[in-house]
Amino acid sequence: PPWSGHLFSQPIISTMETQVSNGPTSNSGLPNGPPLSANGAADDSKTNLIVNYLPQNMTQEEFKSLFGSIGEIESCKLVRDKITGQSLGYGFVNYVDPNDADKAINTLNGLKLQMKTIKVSYARPSSASIRDANLYVSGLPKSMSQKEMEQLFSQYGRIITSRILVDQVTGVSRGVGFIRFDKRIEAEEAIKGLNGQKPLGASEPITVKFANNPSQKTGQALLSHLYQTTARRYTGPLHHQTQRFRLDNLLNMAYGVKRFSPITIDSMTSLAGVNLTGASSGGWCIFVYNLSPEADESVLWQLFGPFGAVTNVKVIRDFATNKCKGFGFVTMTNYEEAAMAIASLNGYRLGDRILQVSFKTSKQHKP
DNA sequence: TCCTATT
């Protein structure tokens with residue numbers, strides 16, 4: 001992976017962005033210490049980290065590998081879009097040993113990966129009160145610095161991150177920015193107090209509102225994607241019934257209304273009879289053959305995600321060219337969903353290629 | 001008039 005050789009590159013903080021630690025509310029006695037729970041009971045506040053600004057193409061395995069190099073991991077998760085499976089660019093790592101969490105912050109915070117500079121910090125305790133606390137601010141004076149913007153907003157609560165967008169060519173402020181508060185209620189108060197107000201010395205009032213929620217965008221993108229590509233493509237060598245199922249299921253997933261309830265398929269019995277080693281502790285491994293050289297993980301997420309729980313996808317690439325070698329693997333949790341995906345996608349035409357999809361078979365058992 | 005931080 002591109003990041004494996006960069007463990008000790010110098011941290012570079014992106015222009016006009018502040019990365020605020022969890023320090024201000026920490027009561028651990030250290031400037032960057034972990035937040036402690038109110039009851040002082042056993043919790044994961046000293047071991048659980050949030051990692052932000054991860055490269056888009058970083059996988060769960062690479063994520064775990066990077067942070068596992070520090071110490072034993074209790075659990076970790078790369079957060080992905082529920083529908084498309086795309087990485088949302090952040091994740092959580094919970095270490096067994098608090099010392100390793102501290103070490104991970106010291107070692108990996110500010111690490112440059114691809115075009116990104118990752119941020120590693122203690123995760124705040126998960127709570128509904130910290131969600132949707134991101135504000136979009138426009139109409140800012142072009143002269144206002146990120147620090148000045150923070151000063152303006154800090155009277156309403158603890159700021160987690162702030163950013164002013166700049167013209168990519170000139171570097172001058174575009175007069176719009178973001179403020180993420182610790183708590184949603186703080187963000188609400190900032191809207192009440194600052195929306196429509198003129199900052200000191202400014203000639204125009206600023207607009208302060210909640211920032212767009214990224215999940216909506218993804219849902220809309222999926223829906224348009226469905227009409228543009230899926231519906232058209234799904235007229236392949238399949239029965240009406242199967243096509244029907246797939247479109248219904250895709251739409252259900254897109255709208256989040258209901259999940260597929262497994263149905264019995266006669267032809268599944270033959271699938272069950274093949275020499276399966278697709279089953280493992282991690283689920284059912286599926287072999288996908290005849291992918292194009294340009295194929296990436298996202299195509300596998302999009303193909304298999306609608307059929308049920310997908311825990312992992314992998315495109316096998318040539319080491320030198322980084323092009324797909326024509327095949328990949330998908331791991332699905334539930335047998336029925338995996339079988340349905342195979343039955344539906346085997347023989348499916350993807351572009352000008354006919355996919356071959358089956359449970360992964362054991363190489364060792366071949367004659 | 002939108003950078004992506006809460007599993």
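Below, chains carry the letters A, B, ... as their sequence lines are ordered, and counting in each starts from 1.
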Taking donor-acceptor contacts at under 3.5 Å, does the side chain of Asn48(A) reach the base of dT7(B)? yes
Which one, dT4(B), dT6(B), dC3(B), comes nearest to the side chain of Tyr53(A)? dT4(B)
Atom-to-atom span, CZ of Phe63(A) to P of dT7(B) - whole angstrom: 14 Å
For the backbone of Gly71(A) and the side chain of Asp100(A), can you confirm whether one donor and one acceptor N or O come within less than 3.5 Å of each other? no
Figure out the OH/P separation between Tyr136(A) and dC3(B), and round it to whole Å. 9 Å
To the nearest Å, how far apart are Arg180(A) CZ and dT6(B) C1'? 9 Å
Please tell me which of the listed nucleotides, dT4(B), dT7(B), dT6(B), lies nearest to the side chain of Val79(A)? dT7(B)
Rounding to an integer number of Å, can you tell me how far Phe178(A) CZ sits from dC2(B) C1'? 3 Å
How many Å lie between CD on Glu204(A) and C1' on dT1(B), as a whole number? 15 Å
Which nucleotide wins on minimum distance to the side chain of Arg163(A), given the candidates dC2(B), dT6(B), dT4(B)? dT4(B)
Under 4.0 angstrom, heavy atoms only, what part of the nucleic acid is Tyr90(A) near: base, sugar-phosphate, or nothing? sugar-phosphate
Counterpart residues, salt bridge (charged side-chain N to carboxylate O under 4.0 Å, His left out), relative to Arg317(A) (two or more places apart): Glu297(A)
When you check the phosphate oxygens OP1 and OP2 of dC3(B), does a side-chain N or O of Arg174(A) lie under 4.0 Å from one of them? no
With sequence neighbours left out, what residues match Glu294(A) under salt bridge (charged side-chain N to carboxylate O under 4.0 Å, His left out)? Lys323(A)
Check whether any side-chain N or O of Lys116(A) sits under 4.0 Å from OP1 or OP2 of dT4(B), and answer yes or no. yes
Could you label the plane-to-plane angle of the Phe287(A) and Tyr289(A) rings as parallel, tilted or perpendicular, counting under 30° as parallel and over 60° as perpendicular? parallel
Strictly below 4.0 Å, N to O, side chains only: are Lys192(A) and Glu188(A) in salt-bridge contact? no
Any base atoms under 4.0 Å from Ser138(A), or only sugar-phosphate, or nothing? Heavy atoms, all strands. nothing
Tell me the interatomic distance from Ile73(A), atom CD1, to dT7(B), atom P, rounded to whole angstroms. 19 Å
Can you tell me the distance, in whole Å, between the NZ atom of Lys209(A) and the C1' atom of dT1(B)? 7 Å
Using only modelled atom types and a 3.5 angstrom limit, is any donor from either the side chain of Arg131(A) or the base of dT6(B) paired with an acceptor on the other? no
How long is the line joining CD of Gln146(A) and P of dC3(B), in whole Å? 17 Å
